[in-house]
Amino acid sequence: MDYKEKIGTILNDKGLTDFKWIDPAEIIVAQWVRVKCMFGCGDYGSGTCPPNTPSVSDCATFFKEYHSGLLIRLNKFADKECYPGDWSAEMTGKLLSLERELFLSGHHKAFLLNQTCCSLCRDCPGTRQECRDKKRSRPSPESFAVDVYQTVRNAGFGIQVVKDSPAEISRFAIVLID
């Protein structure tokens, strides 16, 4: 069994069954994503969000250091105005557990870009230096300037802007592996 089959088994065991293998060099990184974070996201300035993340060019360079990765889709029928925090916390736990298991199985570069902004603490101090859970806090793809819509479409997943509520919400995590 090759490493992709072994990792597929781990994903299935965790109930993370909707995934695709991707080449991290094909992740779309764009300045406009960073600007949308700065002007339009209520989490801007949180511990794993800009400006507490690498520059856009450093993010693009970071992805080139990996040869394989996973794009994991997580779906939830919910009201987009009342984000399902308990579900999101459960998904974050599964994803962090996956990253740890990959690390322990010999993939020492395994790194998670979480499906949402870090929400481990109810009252985030707002900087990496003051973060209370540095070991488990992870940035989202958007905070690393990933154009999630184009990256997801390029990988063959469908994705739409959620216009009505309640509706099916899709969140995407990226796990980088080498």
Side-chain angles (χ1 to χ4, degrees), residues 1-24 26-27 37 41-43 46-49 52-53 59 62-63 66-80 82-124 128 131-144 146-149 151-160 162 166-178:
M1 182 183 310
D2 74 359
Y3 81 97
K4 287 185 177 181
E5 290 174 314
K6 288 178 185 175
I7 291 171
T9 300
I10 294 168
L11 286 158
N12 285 317
D13 289 348
K14 294 186 179 309
L16 301 169
T17 59
D18 197 4
F19 64 90
K20 292 186 186 268
W21 286 96
I22 59 169
D23 177 351
E26 296 176 5
I27 293 172
C37 279
C41 181
D43 290 314
S46 295
T48 60
C49 293
N52 298 305
T53 55
C59 290
F62 172 74
F63 292 122
Y66 287 85
H67 297 99
S68 63
L70 292 162
L71 186 60
I72 303 170
R73 178 169 50 187
L74 305 163
N75 291 324
K76 176 73 174 167
F77 189 83
D79 182 342
K80 69 179 185 171
C82 183
Y83 192 73
D86 291 342
W87 170 81
S88 183
E90 178 186 348
M91 295 303 104
T92 294
K94 284 184 180 188
L95 292 164
L96 286 168
S97 172
L98 170 66
E99 181 198 62
R100 180 77 177 146
E101 194 165 340
L102 292 173
F103 172 79
L104 292 173
S105 70
H107 300 280
H108 67 278
K109 287 173 57 176
F111 187 76
L112 167 66
L113 292 171
N114 198 9
Q115 46 86 28
T116 190
C117 299
C118 183
S119 57
L120 295 173
C121 303
R122 292 192 189 274
D123 55 337
C124 177
R128 279 302 291 161
C131 177
R132 293 183 200 101
D133 201 351
K134 288 182 181 111
K135 187 174 181 179
R136 295 179 350 113
S137 65
R138 296 292 182 279
S140 68
E142 296 88 347
S143 70
F144 262 52
V146 173
D147 179 343
V148 173
Y149 284 91
T151 299
V152 163
R153 287 181 183 127
N154 290 352
F157 275 122
I159 186 171
Q160 304 295 329
V162 177
E168 187 78 14
I169 297 172
S170 291
R171 297 296 305 168
F172 289 88
I174 297 172
V175 180
L176 301 165
I177 306 163
D178 253 0

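All residue numbers in this chain count up from 1 along the given sequence.
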**Message:** Among residues at least two apart in sequence or on other chains, which ones pass ring-ring contact (aromatic ring centres under 6.0 Å, His included) with Phe62?
**Reply:** Tyr66, Phe111, Phe144
**Request:** Decide whether Glu26 and Thr151 meet the rule of one side-chain donor and one side-chain acceptor closer than 3.5 Å.
**Result:** no
**Prompt:** Leu16 versus Leu74: any side-chain heavy-atom pair under 4.5 Å?
**Reply:** yes
**Prompt:** Would you say the side-chain atoms of Asn75 and Ser170 include a donor-acceptor pair closer than 3.5 Å?
**Reply:** yes
**Request:** Enter the distance from Ile10:CD1 to Leu70:CG here, rounded to the nearest 0.5 Å.
**Result:** 10.0 Å
**Message:** Quick check for you: to the nearest 0.5 Å, what is the distance between Cys41 atom SG and Glu142 atom CD?
**Reply:** 8.0 Å
**Complete:** Closest heavy-atom pair, Pro24 versus His67, reported as atoms and distance to 0.1 Å, is CD-C, 3.6 Å
**Prompt:** So, for Phe172 and Gly158, which heavy atoms are closest and what is the spacing to 0.1 Å?
**Reply:** CZ-O, 4.4 Å
**Request:** Could you tell me whether the side chain of Arg73 and the main chain of Asp18 form a donor-acceptor pair under 3.5 Å?
**Result:** no
**Item:** Distance, nearest 0.5 Å, that separates CG of Asn12 from CD1 of Ile7
**Value:** 12.0 Å
**Prompt:** Is there a side-chain contact between Ile169 and Trp87 (heavy atoms, below 4.5 Å)?
**Reply:** no
**Request:** Flag the pair Lys76 / Met91 as yes when at least one side-chain heavy-atom distance between them is below 4.5 Å, and no otherwise.
**Result:** no
**Message:** Has Ser140 got a side-chain atom pairing as donor or acceptor with Ser143's backbone, closer than 3.5 angstrom?
**Reply:** yes
**Item:** Atom pair CZ/CG of Arg100 and Leu95 - distance to nearest 0.5 Å
**Value:** 16.0 Å
**Item:** CD1-CG distance between Ile27 and Leu113, expressed to the nearest 0.5 angstrom
**Value:** 7.0 Å
**Item:** Those residues that, when tested against Asp178, pass salt bridge (Lys or Arg N to Asp or Glu O under 4.0 Å) (two or more places apart)
**Value:** Lys109
**Prompt:** How about Thr116 and Asp43: do any of their side-chain heavy atoms sit closer than 4.5 Å?
**Reply:** no
**Asked** Tell me, do Leu112 and Leu98 make a side-chain contact under 4.5 Å, heavy atoms counted?
**Response** no
**Asked** Are there more than 12 heavy atoms of other residues, nucleotides or ligands under 6.0 Å from atom CD of Gln160?
**Response** no
**Message:** Between Asn52 and Thr48 (side chain of the first, backbone of the second, donor and acceptor by atom type, cut-off under 3.5 Å), is there such a pair?
**Reply:** no
**Request:** Drop me the distance from Ile177's CD1 to Ser105's OG, to the nearest 0.5 angstrom.
**Result:** 8.5 Å
**Message:** Donor-acceptor pair, distance only, cut-off 3.5 Å: does the side chain of Ser97 make one with the backbone of Gly93?
**Reply:** no
**Asked** Should Cys49 and Cys117 count as side-chain neighbours, where that means a heavy-atom distance under 4.5 Å?
**Response** yes
**Asked** Pairs in or reaching into residues 3-14: which pass salt bridge (charged side-chain N to carboxylate O under 4.0 Å, His left out), with residues at least two apart or in two chains?
**Response** Lys14-Glu101
